[in-house]
Amino acid sequence: MRRNADELAKMRKAGRVVAEIHEATRAVIKPGATTADIDKAARAVLEQRGAGSNFLGYHGFPAVVCTSPNSMIVHGIPSPKVVLEEGDIISVDCGAIIEGYHGDAAYTAPVGEVSAEAARLMEVTEASLFAGIDQLTDGNRLHEVGRAVQAVAEAAGFAVVREYVGHAIGTAMHEEPQVPNYWPGTPGPTLREGMVFAIEPMVNAGGPGTLLLDDGWSVVTSDGRLSAHFEHTIAVTDDGPEVFTVL
Ligand code: MG
Ligand code: MG
């Protein structure tokens, strides 16, 4: 779906709130902090900005952020019992709603000093996101996003998750079409100015396999190796891609 200038302005505002949540949550990530602390910091920003949460209550999700440490890929539930330790990595995914329009973005951050592999995984995953974003130009085809993400991740010896993908976004967080982080086997739709997508590679240090835990939410790597997740909400404009989820 193509959004008009008024809609894009609202999405820009929602994106900015998400970026503010990223800034506020990054500030609490340190050894000894809990993932509940991350959720609390995010709630404070939403409240301050008068923004709604598109995570809280989503299919019953109990928090405004997903917090997924180490081998957890996505959808981790914040908890006062999950304490961050030196050397961990933590993925934080969150969103905001302003005047009915949605933003959605994620990052993975180090907790203190991390291993060389963890640092490289985060660096490559973020680079794969930006390689995908570069493909969001009017007239290009959507599948080029996944192809670019996959090329960067696999060139580094990592694997992209198949079961969880990006999506169009607007008056709902998850709109059609989906945006796979790999060549989907068939060409995607043609991109047009005004379309908005959340691109979100999940990259595993080992194999691409995933496993859903018994809580019904937490998704981990099937081989127990690390995973990283970076996401932005981006519009296709006549001047190229515009990332909304930045300050
Ligand atoms: Mg997200
Ligand atoms: Mg998303």
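Indexing begins at 1, ligand by ligand and atom by atom, following the structure's order.
Counting backbone and side-chain atoms alike, His174 contributes no N/O/S atom closer than 2.8 Å to the Mg ion (ligand 2).
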Worked check of side-chain contact (heavy atoms from CB on, under 4.5 Å) between Thr67 and Val82: CA-CA 10 Å; Thr67 49; Val82 178; over 6 Å; no

Full working for side-chain contact (heavy atoms from CB on, under 4.5 Å) between Phe55 and Asp93: CA-CA 9 Å; Phe55 278 48; Asp93 190 0; 3.5 Å; yes

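Considering CZ of Arg3 and OH of Tyr101, their distance stands at 5.5 Å, rounded to 0.5 Å.
Its N, O or S atom nearest to the Mg ion (ligand 1) is what matters here, and for Asp104 that atom is OD1. Sorting the N, O or S atoms of Glu200 by how far they are from the Mg ion (ligand 2) puts OE2 first. Within Glu231, OE1 is the N, O or S atom that lies nearest to the Mg ion (ligand 1). The atom name of the N/O/S atom in Asp93 closest to the Mg ion (ligand 1) is OD1.
Ring centroids of His75 and Phe61 are separated by 6.0 Å or more, keeping the two rings apart.
A salt bridge links Arg225 to Glu117: at least one charged side-chain nitrogen sits closer than 4.0 Å to a carboxylate oxygen.
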